[in-house]
Amino acid sequence: MGKSTIRIGLLGMGTVGTGVVRLLTAHRADLERKAGAKLELARVAVKDASKPRDVDLPKGMITEDAVSVLRDPSIDLIVELIGGLMPARMYVMEAIKAKKHIVTANKALLAEHWAEIVGAARANGVEVYFEGAVGGGIPIIQSLSEGLAANRIEAIFGIVNGTSNYILTRMDKDGKTFPEALKEAQKKGYAEADPALDVGGGDAAHKLTVLTSLAFETTVPFASVHVEGIEDLTPQDFVWAREEFGYVVKLLAIAKQEEGKLEVRVHPALLPETHLLADVDGAYNAIYVVGDAVGATMFYGLGAGQMPTASAVVSDILYVARSIAYDVAGRAGWGPFGDIPHTPVNLPVRPMEELTCRYYLRLSAMDQPGVLSAIAKILADHRVSIAAVVQKERSKGDKVPVVILTYEALEKDMQEARRQIESLPAVKGKIVLLRVERGE
Ligand code: HSE
């Protein structure tokens, strides 16, 4: 039997939680019409109930006792917006066992405990919705689960971390250094509490893990995702990439399936400046998805922020509420949490050293005879063929930057060549090595 009132328990009332309450209040009549039921915010659990809030809630609705919300038998749906692994994981698992449906925006939790949450949700006949976990307001989860369900997904290329994309855009367009651009991004409030998660690629890797697990109906172990950040880039890399070779530099989250194996990686990459993703600038996110029937599609929008993320969370609330109202919740759900038989075998992740692509190398070398030929010999010895070299005449000091673009090479060979070039006495400091992606 369905229900005419859906009671919601909210865990966490930070930026996004506040946005969710705002949206539920402002659009109540429309949302209830779409859900076919009344939506009642029953309880809100927070860490500090005495903290002033930006939205008015009836007295007694707020509690510091999250467990009492999870155990309240009158609550149908738990909205988890605490973030992080603990205590969110414990609360979500307890709520699932109490047969409550879940809406969460917790990318870390889903990325690191996908199999556990999928298993518990299916065993208990509950649905878990997570549109807010990837791409803020962009409806990418729903699109992969429903809109593209007729396809075999071939590849995903995502710009899914607004902070890094903002930083890269400022380095590219304004010539800012990495620390200058990071400071600006933090001032604008884009960065995570720990900015290392943004600039080191960890946040994007969480989101990619979720997208890949969903799109390829598999469980991607988070530890198997190759992750590199943007910390070593300089504004000059953007100039060389664009002016010498016709590329932009983006932090890309990439998943591809080939011959039953997955590539799952996050790293800065050179992307042709004609690619649709090349124009995704600032704090915007975009996810480029290639399906075998649909071809290439791109989903674009604000990847973070109070109201964009609330838009995603409230749309999830609406889906669950409607399913409960029509008594199909947990029986006809979509994606990995529905009642659909699952791919029995997880797809293996291809080791990074088996990757083949073109590379961009930037190094600093002494301006003296024989240096370029020594570098070229090491590359040749490792089957790496040079496509282009840029070396500008030295203006000050005795070192010059050398930039090399290669043809396709094997990652294993490229990394060994990089180590040997770095150990040449005439080569100073570390080599910056970027992969070149066609993005298709
Ligand atoms: N710090 C994240 C970003 C927020 O910059 O995209 C949204 O997950």
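Keep in mind that the numbers below use all heavy atoms, side chains included, and drop hydrogens, waters and symmetry copies. Start at 1 and go down the list; that is how both ligands and their atoms are numbered. Owing to the predicted nature of the structure, the values given are computational and were not obtained by experimental measurement.
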(message) Check this for me: does any side-chain nitrogen of one of E263 and R265 sit under 4.0 Å from a carboxylate oxygen of the other?
(response) yes

(message) At under 4.0 Å between heavy atoms, is it the side chain or the backbone of T163 that contacts ligand 1, or both, or neither?
(response) both

What side-chain donor-acceptor pairs closer than 3.5 Å can you find for residues 35-44, not counting sequence neighbours?
| from | atom 1 | to | atom 2 | distance (Å) |
| --- | --- | --- | --- | --- |
| E40 | OE2 | R7 | NH1 | 2.6 |

(request) Return the residue, atom name and 0.1 Å-rounded distance of the protein heavy atom closest to atom 8 (O) of ligand 1. (result) K107 NZ, 2.6 Å

(request) Return the residue, atom name and 0.1 Å-rounded distance of the protein heavy atom closest to atom 2 (C) of ligand 1. (result) E192 OE2, 3.2 Å

(request) Return a yes/no value for D198: is any of its N or O atoms, backbone included, closer than 3.5 angstrom to an N or O of ligand 1? (result) yes

(request) Output yes when the distance from some N or O of ligand 1 to some N or O of G162 is under 3.5 Å, and no in every other case. (result) yes

(message) List ligand 1 atoms under 4.0 Å from A304, heavy atoms only on the residue side.
(response) 4 (C), 7 (C)

(request) Would you mind running through ligand 1 and noting each atom that sits below 4.0 Å from a heavy atom of G303? (result) 7 (C)

(message) Once rounded to the nearest 0.5 Å, what's the spacing between atom CG of L363 and atom NZ of K428?
(response) 12.0 Å

(request) Would you mind listing every salt bridge (Lys or Arg N to Asp or Glu O under 4.0 Å) that reaches into residues 280-308, with sequence neighbours excluded? (result) K173-D281, K250-D281

(message) Using every non-hydrogen atom in the two residues, find where V225 and L208 come nearest and quote the distance to one decimal.
(response) CG1-CD2, 4.4 Å

